[in-house]
A.B. asks: 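Before I ask anything, let me first share the structure, which is written out below as C-alpha cells.
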Amino acid sequence: MTVRGQRPAISTGEQIGAHMKIGIQTRPWGPEANRQRLGDVLADIRAAGYDGIEIGAQHLDLRKPGLLLRLLDEHELMTAGIHVGGEIYDPDALRRARAELERTAGYAAEVGAGYLAFSGKPLEGKTTEMLAAEADNLNRLGEMCARQGVSLAYHNHAWEIEGDCAELRFLRDHTDPALVSFLLDVAWVQRGSGDPVAVTREFLPRIVCFHLKDTRGDEWLELGRGAVDFSGLFEVIRGRPWRWLVVEQDETKRPPIESARISRDYLREKLGV
C-alpha cells in the first residue's frame with residue numbers, strides 16, 4: 001500500500017459513500033500510547049474497521065515523516081489530518097509559532113494528510129479587533145499551508161458557537177474560502193447550545209470535514225448514544241462529496257477499541273459506509 005501522495009481531493013461529482021473514507025482521532029488512546037506505542041494504536045484502529053487517522057502534531061516527530069508513513073503502511077491506514085492549535089487572536093504568539101506551524105504543514109503534506117486542522121483558544125471578551133486578527137492570521141496560515149500542499153481546516157469548540165455562532169460566523173465572513181475551510185465538530189456545536197443540523201446547513205459550503213462526535217450533558221459518548229441529531233445531520237450531508245468523515249470521542253469509559261467499534265458500526269448502519 002502506498003500512502004505518500006494520496007491526499008484526498010474533493011470532486012464535485014462524488015456522492016456520499018462512493019469514495020468516502022472513515023477516519024478516527026487517536027486521542028482516546030492517550031498521550032503515552034500515541035507517542036510511545038503508536039503501532040499498537042494503529043492496530044486497534046485497523047481492527048475496528050477504519051481507513052485512517054487524525055492525530056495531534058504534539059505526538060509526532062516532525063523531522064521524520066517516514067516513521068509515520070511506515071506505520072501507516074504496515075497497518076493499511078492513511079492520514080486524514082494532523083491537528084494543531086494556538087492563540088490566533090495574538091499576532092505575536094503566532095509569529096513565535098510560525099516556524100513550527102510551517103514544519104507541521106510540511107509534515108502533513110509528506111504523510112498525505114487531507115487537511116491541517118487548527119483549533120483556536122478561548123478568551124473572554126474578545127474584541128472585534130481580536131476577531132479580525134484571528135481571521136487575518138487564519139488567512140496567513142492558509143497561504144502557508146497552500147504553499148506546502150495541504151489544506152487548512154479550522155476546528156471549532158463551544159465558544160465559537162455560543163452567542164448564535166458569533167465567532168464562527170465572523171471567521172467565515174472574514175476569511176478567504178480558497179484558503180480557510182472548516183472542520184465542524186458537531187458535539188462541540190451541541191455543547192455550545194447550537195443545533196448541529198442547522199449549523200451544518202448554514203456553513204456547509206465551507207465545511208471540508210466533520211468530527212462526528214456524540215455528547216449528552218458533560219459526557220462524551222459513542223455515536224448514536226448521545227443527544228446529537230445524527231439522522232438530521234446525515235440528511236443534510238448526503239449527496240455531497242465528502243472524502244473523509246472523522247470519528248472523535250474525547251474520553252471513553254470503555255477501552256478505546258470498543259468505543260471505536262461501536263461508532264464504526266453505527267456509521268455502517270446509518271450511512272452504509
A.B. asks: Working note: Arg140 + Asp136, criterion salt bridge (Lys or Arg N to Asp or Glu O under 4.0 Å); need CA distance, chi angles, decisive distance, verdict.
C.D. replies: CA-CA 6 Å; Arg140 293 173 186 272; Asp136 183 60; 3.0 Å; yes
A.B. asks: Report yes if the side chains of Glu110 and Leu68 come closer than 4.5 Å at any heavy-atom pair, otherwise no.
C.D. replies: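 Result no, sub-4.5 Å side-chain heavy-atom pair not found.
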A.B. asks: Can you tell me which residue pairs pass the ring pair (Phe, Tyr, Trp, His ring centres under 6.0 Å) test with a partner in residues 76-113, sequence neighbours excluded?
C.D. replies: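 Qualifying pairs, neighbours excluded: His83-His155.
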A.B. asks: What are the two closest heavy atoms between Leu62 and Ala57, and how far apart are they?
C.D. replies: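 Looking at all heavy atoms of both residues, the closest pair is CD2-O, 4.4 Å.
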A.B. asks: Could you check whether Arg191 makes a cation-pi contact with Trp220, meaning its NZ or CZ is under 6.0 Å from the centre of the six-membered ring and within 45° of the ring axis?
C.D. replies: yes
A.B. asks: Before you tell me yes or no, could you show the steps for Phe170 and Glu134 under side chain to side chain contact (heavy atoms under 4.5 Å, CB included), namely the whole-Å CA-CA distance, both residues' side-chain angles and the distance that decides it to 0.1 Å?
C.D. replies: CA-CA 10 Å; Phe170 187 99; Glu134 285 188 340; over 6 Å; no
A.B. asks: If every non-hydrogen atom of Val208 is compared with every non-hydrogen atom of Ala153, which pair is closest and at what distance?
C.D. replies: CG1-CB, 3.8 Å
A.B. asks: Is any side-chain heavy atom of Leu184 closer than 4.5 Å to a side-chain heavy atom of Asn156?
C.D. replies: yes
A.B. asks: Considering non-hydrogen atoms only, spot the tightest contact between Gly232 and Val197 and give its length.
C.D. replies: C-CG2, 3.7 Å
A.B. asks: How far apart are the closest heavy atoms of Gly114 and Ser151, and which atoms are they?
C.D. replies: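 Closest pair (atom of Gly114, atom of Ser151, distance): O-CB, 3.9 Å.
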A.B. asks: Quick one: does Asp90's side chain have a donor or acceptor within less than 3.5 Å of a partner on Asp92's backbone?
C.D. replies: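 Answer holds: yes.
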A.B. asks: Roughly how far, to the nearest 0.5 Å, is the OG1 atom of Thr104 from the CG atom of Leu60?
C.D. replies: 9.0 Å
A.B. asks: Nearest 0.5 angstrom please: Leu171 CG to Cys165 SG, how far?
C.D. replies: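 The distance works out to 11.0 Å.
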A.B. asks: Taking the side chain as every heavy atom from C-beta outward, state whether Leu38 and Ile55 have any pair of such atoms under 4.5 Å apart.
C.D. replies: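 The answer is yes; the side chains approach within 4.5 Å.
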A.B. asks: If Ile, Leu, Val, Met, Phe, Trp and Tyr residues are connected whenever their side-chain heavy atoms lie under 4.5 Å apart, and connections chain through other members, are Leu69 and Ile45 in the same group?
C.D. replies: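 Yes, Leu69 connects to Ile45 through the hydrophobic network.
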A.B. asks: So do the side chains of His59 and Pro31 get within less than 4.5 Å of each other, counting heavy atoms only?
C.D. replies: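 Yes, at least one pair of side-chain atoms sits under 4.5 Å.
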A.B. asks: For the atom pair CG (Leu116) and OH (Tyr154), what is the distance rounded to the nearest 0.5 Å?
C.D. replies: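 One gets 13.0 Å once the value is rounded to the nearest 0.5 Å.
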A.B. asks: As a test of understanding, state which of Glu162, Glu87, Glu167, Glu160 forms a salt bridge (Lys or Arg N to Asp or Glu O under 4.0 Å) with Lys126.
C.D. replies: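 By the salt bridge (Lys or Arg N to Asp or Glu O under 4.0 Å) criterion, Lys126 pairs with just one of Glu162, Glu87, Glu167, Glu160: Glu167.
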A.B. asks: Can you check whether Pro255's main-chain N or O pairs, donor with acceptor, with Thr252's side chain at less than 3.5 Å?
C.D. replies: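 Judged by distance alone, no pair lies under 3.5 Å.
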A.B. asks: Could you tell me whether the side chain of Thr175 reaches within less than 4.5 Å of the side chain of Arg206, counting heavy atoms only?
C.D. replies: yes
A.B. asks: Measure the spacing between CD of Glu251 and CD of Glu219 and express it to the nearest 0.5 Å.
C.D. replies: 9.5 Å
A.B. asks: Atom CG of Leu267 and atom CE of Met20: how far apart are they, to the nearest 0.5 Å?
C.D. replies: 7.5 Å
A.B. asks: Please tell me whether Leu168 and Leu233 are part of a single hydrophobic cluster in this structure, the criterion being side-chain heavy atoms less than 4.5 Å apart.
C.D. replies: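 Yes, it is one cluster - the side chains of Leu168 and Leu233 are joined through contacts under 4.5 Å.
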A.B. asks: With side chains defined as the heavy atoms from C-beta onward, is the minimum distance between His174 and Asn139 less than 4.5 Å?
C.D. replies: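 No - every pair of side-chain heavy atoms lies 4.5 Å or more apart.
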A.B. asks: Can any side-chain N or O of Arg46 pair as donor or acceptor with the backbone N or O of Leu72 at less than 3.5 Å?
C.D. replies: no
A.B. asks: Treating His75 as the side-chain partner and Gly39 as the backbone partner, does any N or O pair qualify as donor plus acceptor under 3.5 Å?
C.D. replies: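 It does hold such a pair.
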A.B. asks: Under the criterion side chain to side chain contact (heavy atoms under 4.5 Å, CB included), I'd like the reasoning laid out for Asp185 against His157: C-alpha separation, chi angles, the key distance, then a yes or no.
C.D. replies: CA-CA 7 Å; Asp185 187 310; His157 288 84; over 6 Å; no
A.B. asks: Using modelled atom types only, decide if a donor and an acceptor are shared between the side chain of Asp214 and the backbone of Ala227 within a distance under 3.5 Å.
C.D. replies: yes
A.B. asks: Would a hydrophobic clustering, with Ile, Leu, Val, Met, Phe, Trp and Tyr connected at side-chain separations under 4.5 Å, put Leu123 with Leu138?
C.D. replies: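 Not linked; separate clusters.
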A.B. asks: Decide whether Val236 and Leu245 are clustered together by the hydrophobic rule: side chain heavy atoms of Ile, Leu, Val, Met, Phe, Trp, Tyr closer than 4.5 Å, transitively.
C.D. replies: yes
A.B. asks: Do Trp188 and Lys213 have side-chain heavy atoms sitting under 4.5 Å apart?
C.D. replies: yes
A.B. asks: Can you give me the closest heavy-atom contact between Ala108 and Val150, atom names plus distance?
C.D. replies: CB-CG2, 4.1 Å
A.B. asks: Could you go through the side chain to side chain contact (heavy atoms under 4.5 Å, CB included) check for Arg238 and Leu271 one step at a time?
C.D. replies: CA-CA 9 Å; Arg238 286 184 191 278; Leu271 276 179; 4.0 Å; yes
A.B. asks: Considering only residues two or more places apart or on different chains, which pairs with a residue in residues 258-268 satisfy side-chain hydrogen bond (donor to acceptor under 3.5 Å, both in side chains)?
C.D. replies: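 Of all non-adjacent pairs touching residues 258-268, those that pass side-chain hydrogen bond (donor to acceptor under 3.5 Å, both in side chains) are Glu222-Ser259, Asp265-Arg268.
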A.B. asks: Verify side chain to side chain contact (heavy atoms under 4.5 Å, CB included) between Gln58 and Arg35, making sure each step is shown before the conclusion.
C.D. replies: CA-CA 9 Å; Gln58 72 272 21; Arg35 294 170 188 172; 3.6 Å; yes
A.B. asks: Ring centroids only, cut at 6.0 angstrom: are Tyr115 and Trp244 within range, meaning strictly under it?
C.D. replies: no
A.B. asks: Are Lys270 and Leu223 close enough that some pair of their side-chain heavy atoms sits under 4.5 Å apart?
C.D. replies: no
A.B. asks: When rounded to the nearest 0.5 angstrom, what distance separates CG in Leu42 from CD1 in Ile24?
C.D. replies: 11.5 Å
A.B. asks: Does Met78 belong to the same Ile/Leu/Val/Met/Phe/Trp/Tyr cluster as Leu67, with side-chain heavy atoms less than 4.5 Å apart forming each link?
C.D. replies: no
A.B. asks: For a quick test of reading the model, state the closest non-hydrogen atom pair linking Trp242 to Ile207 and the distance between them.
C.D. replies: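 In this case the closest contact between Trp242 and Ile207 is CZ3-O, 3.3 Å.
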